[in-house]
Amino acid sequence: MFENLSERLERSLKILKGEGKITEVNVAETLKDVRKALLDADVNYKVAKTFTDTVKEKALGQNVLTAVRPGQLMVKIVHDELALLMGGQTVDINIQGAPAIILMAGLQGSGKTTFSAKLANLLKTKRGKKPLLAACDVYRPAAIDQLKVLGDQISVPVYTEDGNKNPVVIAQNAIKEARIKGCDVVIIDTAGRLAVDEMMMAEIEAIKKAVNPGEILFVVDAMTGQDAVNTAREFNERLDFTGVILTKLDGDTRGGAALSIRSVVNKPIKFVGTGEKMDAFDQFHPERMADRILGMGDIVSFVERAQEQFDEEEAKRLQKKMAKNKFDFNDFLGQIAQIKKMGNLKDLVGMIPGLGKMTKDLDIDNNAFKGFESMIYSMTPQERANPDLLNKSQSRKDRIARGSGNTTAEVNRMLKQFDSARKMMHSVANNKIPGMMNMLRK
């Protein structure tokens, strides 16, 4: 997401990089390109125009400090305005109440059911809550079955009523059930439609009136572009929802919905979905998203994801093994598993400042470690625990190659990479890096 917009904005802002000062002429030329970039990204025309007018006003009203170049100042102004355009600050979900009631709304296919389960998983694992999922899509049996499957995956109860076609009654009974079972959050998954229609809107309004939710979340598919914004406006007029969820931001979307929707409906984007897995969604941070759009990465989110997978005891154990140069293939498999839990590899690379631009044309396969894993799984337990055994035996390498569907040359390459990584880890664990750097300087 945002790759094309990032590239276009970068080209636009280069116009000012060689200039000695900001003038109305060079700012107008820059912002003409910026507006085109925003429109090509499917940003609402009025939003794009207001945005560039505001940037122009702020740019012309500032004196460029001697330590700051015009191009740098313009990047900062554009960054700050992008963050404001998307809400300015992070808005958390409201989980007040006994129980807290969260009503999900949106069109069919927007990802409501999947997100309901993701949200339940987040509240359970990271907020210490005991959620209950309520299946109130009485028109699509698959939705109820899907919610049950997802509920089982995350060990969260799902309230259903076979044969009952009244979603208002089901929602009310789900809240009663939550109080009986001691659940402190009820997430109500409602029916979607292929288009906004009166019957559906009247139905969800009735649910809202009956259960009085503290949070109404409008779930929208980011890949629908400006249609997402128009639909959000219609839903907001009827429901006065409290927040927006953008799903499928990992898809081939131009990003216009994310940039427009906050301005059009004046409601905060609270979460963004980045994949199908239960942990593949993030709280929405306007500042961080502005960083990523302008190619600055998002190192804060990267560190947060890493910390979520960090195991202090495991880290201490590995530190000791690396110091003794005893890091083995079992440890390597554990490290691969931790990296994979952090999310999509290309998305992770894009969070690291500078790397996103370098890898934008590369096809970073999310199964990049599969070859290494297949080779390691083809080893005996003894070989995994003692990597040096493989360096002394051609027959072992040949057997691993056959078992993993690779060539012996690929096995040799993997062993060489592993050996280099192990030596580097050994040096780091023993604080030998400064000495190595001094050797390189001589």
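Residues: numbered from 1 along the sequence shown.
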(message) Quick check against the 3.5 Å criterion: does Asp419 have a side-chain atom that pairs as donor or acceptor with the backbone of Gln417?
(response) no
(message) Is there a side-chain contact between Glu198 and Arg238 in this structure, where contact means two heavy atoms from C-beta onward sitting under 4.5 Å apart?
(response) yes
(message) What I want to find out is whether Asp184 reaches Lys124 closely enough, with some N-O distance under 4.0 Å, to be called a salt bridge.
(response) no
(request) Please report the shortest heavy-atom distance between Leu150 and Ala117, naming the atom on each side. (result) CB-CB, 3.6 Å
(message) Against Leu133, only a single residue in Leu119, Ile187, Thr113, Val185 fulfils side-chain contact (heavy atoms from CB on, under 4.5 Å); can you say which?
(response) Ile187
(request) Could you verify whether a donor N or O on one side chain and an acceptor N or O on the other, from Thr242 and Glu215, lie under 3.5 Å apart? (result) yes
(request) Grab the two heavy atoms, one from Leu132 and one from Pro157, that are nearest each other, plus how far apart they are. (result) CD1-O, 3.5 Å
(message) So that I can tick it off, tell me whether Glu177 and Lys181 are bridged by a salt bridge, with the cut-off set at under 4.0 angstrom between side-chain N and carboxylate O.
(response) yes
(request) Determine, stepwise, if the pair Phe235 / Ile216 fulfils side chain to side chain contact (heavy atoms under 4.5 Å, CB included). (result) CA-CA 11 Å; Phe235 265 85; Ile216 303 173; over 6 Å; no
(message) Using the rule side-chain contact (heavy atoms from CB on, under 4.5 Å), only one of Asp137, Thr160, Asn164 pairs with Ile170; which is it?
(response) Asn164
(message) I need the Asn121 CG to Ser116 OG distance, nearest 0.5 Å.
(response) 12.5 Å
(request) Take Thr54 and Ile77 through the test side chain to side chain contact (heavy atoms under 4.5 Å, CB included) and record every step on the way to the result. (result) CA-CA 9 Å; Thr54 304; Ile77 294 171; over 6 Å; no
(request) Check whether any side-chain heavy atom of Leu107 sits under 4.5 Å from a side-chain heavy atom of Phe218, and report yes or no. (result) no
(message) Just to verify, what does Asn386 make a side chain to side chain contact (heavy atoms under 4.5 Å, CB included) with, not counting sequence neighbours?
(response) Gln382, Leu389
(request) Would you name the heavy atoms of Cys136 and Pro167 that are closest together and state the gap between them? (result) O-CB, 3.5 Å
(request) Please determine, by modelled atom types, if Asp221 and Ser110 share a side-chain donor-acceptor pair under 3.5 angstrom. (result) no
(message) In the structure I gave you, are the side-chain heavy atoms of Met278 and Thr114 within less than 4.5 Å of one another anywhere?
(response) yes
(request) Would you please name every residue forming a salt bridge (Lys or Arg N to Asp or Glu O under 4.0 Å) with Lys208, sequence neighbours left out? (result) none
(request) For the pair Met414 and Asn406, evaluate side chain to side chain contact (heavy atoms under 4.5 Å, CB included) and give the outcome as yes or no after the intermediate values. (result) CA-CA 11 Å; Met414 185 274 287; Asn406 292 285; over 6 Å; no
(request) Using atom types as modelled and distance alone, determine if a side-chain donor or acceptor of Asn94 lies under 3.5 Å from a backbone N or O of Gly214. (result) yes
(request) Start with the C-alpha gap between Ser404 and Glu373, add the side-chain angles, then the distance that decides, and say whether side chain to side chain donor-acceptor pair (under 3.5 Å) holds. (result) CA-CA 9 Å; Ser404 63; Glu373 289 175 303; over 6 Å; no
(request) Starting at OH of Tyr159, measure out to CD1 of Ile175 and round the result to the nearest 0.5 Å. (result) 11.0 Å
(message) Looking at every heavy atom in both Tyr139 and Ala191, which two are closest together, and how far apart are they?
(response) CD1-CB, 3.7 Å
(message) Using every non-hydrogen atom in the two residues, find where Val55 and Val78 come nearest and quote the distance to one decimal.
(response) CG1-CG2, 4.0 Å
(request) Kindly compute the distance separating OH (Tyr377) from CZ (Phe372), expressed to the nearest 0.5 Å. (result) 14.0 Å
(message) Using 0.5 Å steps for rounding, measure from the CD1 atom of Ile376 to the CD atom of Glu383.
(response) 11.5 Å
(request) Could you go through the ring-ring contact (aromatic ring centres under 6.0 Å, His included) check for Phe418 and Phe332 one step at a time? (result) CA-CA 9 Å; Phe418 175 80; Phe332 189 41; 5.7 Å; yes
(request) Give a yes or no on whether the backbone of Asp328 and the side-chain of Arg384 come within a donor-acceptor separation of less than 3.5 Å. (result) no
(request) Determine yes or no for a side-chain-to-main-chain donor-acceptor pair under 3.5 angstrom, with Lys165 supplying the side chain and Val138 the backbone. (result) yes
(request) Establish, yes or no, whether the cationic atom of Lys267 lies under 6.0 Å from the six-membered ring centre of Phe241 and within 45° of the ring axis. (result) yes
(message) With a 4.5 Å cut-off on side-chain heavy atoms, are Val244 and Val219 touching?
(response) no
(request) Test ring-ring contact (aromatic ring centres under 6.0 Å, His included) on Phe284 and Phe271 and set out the steps. (result) CA-CA 5 Å; Phe284 186 73; Phe271 293 96; 10.0 Å; no
(request) Could you walk me through whether Leu217 and Lys270 pass the side chain to side chain contact (heavy atoms under 4.5 Å, CB included) test, one step at a time? (result) CA-CA 9 Å; Leu217 298 176; Lys270 295 201 172 184; 4.2 Å; yes
(message) Nearest 0.5 Å, please: how far is CD1 in Ile245 from NZ in Lys118?
(response) 10.5 Å
(request) Decide yes or no for Gln89 and His285: does some side-chain heavy atom of the first lie under 4.5 Å from some side-chain heavy atom of the second? (result) no
(message) According to side chain to side chain contact (heavy atoms under 4.5 Å, CB included), who are the partners of Thr190, at least two apart in sequence or on a separate chain?
(response) Leu103, Lys112, Ile188, Ile204, Ile207
(message) Just so I know, are the side chains of Leu85 and Glu81 near enough to count as touching, which here means a heavy-atom distance under 4.5 Å?
(response) no
(request) Identify the two heavy atoms, one from Ala174 and one from Ala134, that lie closest to each other, and give their separation to 0.1 Å. (result) CB-CB, 3.6 Å
(message) Could you measure the distance from the NZ atom of Lys56 to the CG atom of Asp53? Nearest 0.5 Å is fine.
(response) 7.5 Å
(request) Mark yes or no for whether Thr52, through its side chain, and Lys49, through its backbone, hold a donor-acceptor pair below 3.5 Å. (result) yes
